[in-house]
Amino acid sequence: KLGEFYAECIREHNVESNLLAGNTYREIPIMIATSMTLFNRYGIDIPYSIDDTVGKPMDICDKVTLIKDTLTSGHTLHNNLQAIQNNIGKSVSDVIVSVDRMEKSTTSRCSARYEIERMYNVKIHAIVTLDDIIRAVEKGVVGGTEYLTAMKQYREEYGGESNGY
């Protein structure tokens, strides 16, 4: 099901890509499920690459979309984008994350999303954000009202300035 959400996010935002990439082995199932959904539902055949060791090796000609699970402070994503740039001399065009926790970056009060997009000229697409989750709980779309206060406190303490998000 998660692969379906990633595929829908790619389609919804008109992400043009010819390679889904990841940097950890825990992203393998997400990428396979996303790739399968894109092919089975839309006839879009996009291979995947994990750290250039599983799947198709990255090439300078690829238009790479990085698949990540969660965006927090941006530290890990920064390292992932830098590694891809250093290893193949290629920049990633888009990043798809399941949850943007909307945290401030490690270098400023700005959100990690804003900081990474600016630094790497990349577009980050989140399936859901912390604010989406809070609104869904408040409206009764999903359960979790017992965690609502803690989620709002988390957003207040760790949240970055939204910069349009």
Quiz item: What is the minimum heavy-atom distance between C9 and H125, and which atoms define it?
Solution: SG-CB, 3.7 Å
Exercise. Kindly check if the number of other-residue, nucleotide or ligand heavy atoms within 6.0 Å of CG (N121) is above 12?
Key: no
Practice problem: Mind listing the closest non-hydrogen atom pair of A33 and G3 along with its distance? | Solution: CB-CA, 3.7 Å
Quiz item: Once you round to the nearest 0.5 Å, how far does OG1 of T34 lie from CG of L2?
Solution: 7.0 Å
Practice problem: Tell me yes or no: between the side chains of D132 and T129, is some donor less than 3.5 Å from an acceptor? | Solution: yes
Practice problem: Determine whether V97 and T70 make a side-chain contact, defined as any pair of heavy atoms from C-beta on separated by less than 4.5 Å. | Solution: no
Quiz prompt | Sequence neighbours excluded, every pair satisfying salt bridge (charged side-chain N to carboxylate O under 4.0 Å, His left out) that has a member inside residues 137-154 | solution = E138-K152
Exercise. Taking all non-hydrogen atoms of both residues into account, name the closest pair between E115 and C110 and its distance.
Key: OE1-CB, 3.7 Å
Self-check item: Distance (rounded to the nearest 0.5 Å) between T76 OG1 and I116 CD1
Solution: 9.5 Å
Quiz item: Residues two or more places apart in sequence or in another chain: which of them pass ring-ring contact (aromatic ring centres under 6.0 Å, His included) with H75?
Solution: none
Quiz item: Closest heavy-atom contact between K63 and N18?
Solution: N-OD1, 2.6 Å
Quiz item: Atom CE in M102, atom OG1 in T72: separation rounded to 0.5 Å?
Solution: 13.5 Å
Quiz item: Which atom names give the shortest non-hydrogen contact between I127 and S98, and what distance separates them?
Solution: CB-O, 3.4 Å
Quiz item: Distance-only, no hydrogens or angles: does the S105 side chain make a donor-acceptor pair with backbone N or O of S73 under 3.5 Å?
Solution: no
Quiz prompt | Test item: R155 side-chain N/O and D131 main-chain N/O as donor-acceptor pair under 3.5 Å | solution = no
Quiz item: So do R11 and L38 actually touch side chain to side chain, heavy atoms under 4.5 Å?
Solution: yes
Self-check item: By side chain to side chain contact (heavy atoms under 4.5 Å, CB included) - contacts of Q85 (at least two apart)
Solution: Q82, S91, Y120
Quiz item: Quick one: are V92 and N80 in side-chain contact, heavy atoms under 4.5 Å?
Solution: no
Quiz item: Who passes ring-ring contact (aromatic ring centres under 6.0 Å, His included) against F39, sequence neighbours left out?
Solution: none
Exercise. Output the distance between atom CG (L148) and atom CD1 (I133), rounded to the nearest 0.5 Å.
Key: 11.5 Å
Quiz item: For Y147, what residues pass the side chain to side chain contact (heavy atoms under 4.5 Å, CB included) criterion, not counting sequence neighbours?
Solution: M151
Quiz prompt | side-chain contact (heavy atoms from CB on, under 4.5 Å) between S17 and I10, intermediate numbers included | solution = CA-CA 9 Å; S17 178; I10 288 168; over 6 Å; no
Practice problem: Would you indicate whether M119, at its atom CE, is surrounded by more than 12 heavy atoms from other residues, nucleotides or ligands within a distance under 6.0 Å? | Solution: yes
Self-check item: Minimum heavy-atom distance between A112 and G74, given as atom pair plus value
Solution: CB-N, 3.7 Å
Quiz prompt | Residue pair L77 / L66, side-chain heavy-atom distance below 4.5 Å | solution = yes
Quiz item: Atom CD1 in I30, atom OH in Y6: separation rounded to 0.5 Å?
Solution: 4.5 Å
Acceptor/donor pairs from residues 41-48 side chains to any protein atom, 3.5 angstrom cut, sequence neighbours excluded:
{"from": "R41", "atom 1": "NH1", "to": "E8", "atom 2": "OE2", "distance (Å)": "3.2"}
{"from": "R41", "atom 1": "NH2", "to": "E4", "atom 2": "OE1", "distance (Å)": "3.3"}
{"from": "Y42", "atom 1": "OH", "to": "E8", "atom 2": "OE1", "distance (Å)": "3.3"}
{"from": "Y42", "atom 1": "OH", "to": "E8", "atom 2": "OE2", "distance (Å)": "2.3"}

Quiz item: Is there a donor-acceptor pair under 3.5 Å between the side chain of K104 and the backbone N or O of E157?
Solution: yes
Quiz item: Atom OG1 of T37 and atom CD1 of I32: how far apart are they, to the nearest 0.5 Å?
Solution: 11.5 Å
Quiz item: Is I134 reachable from V141 through a run of I, L, V, M, F, W or Y residues, each pair having side-chain heavy atoms under 4.5 Å apart?
Solution: yes
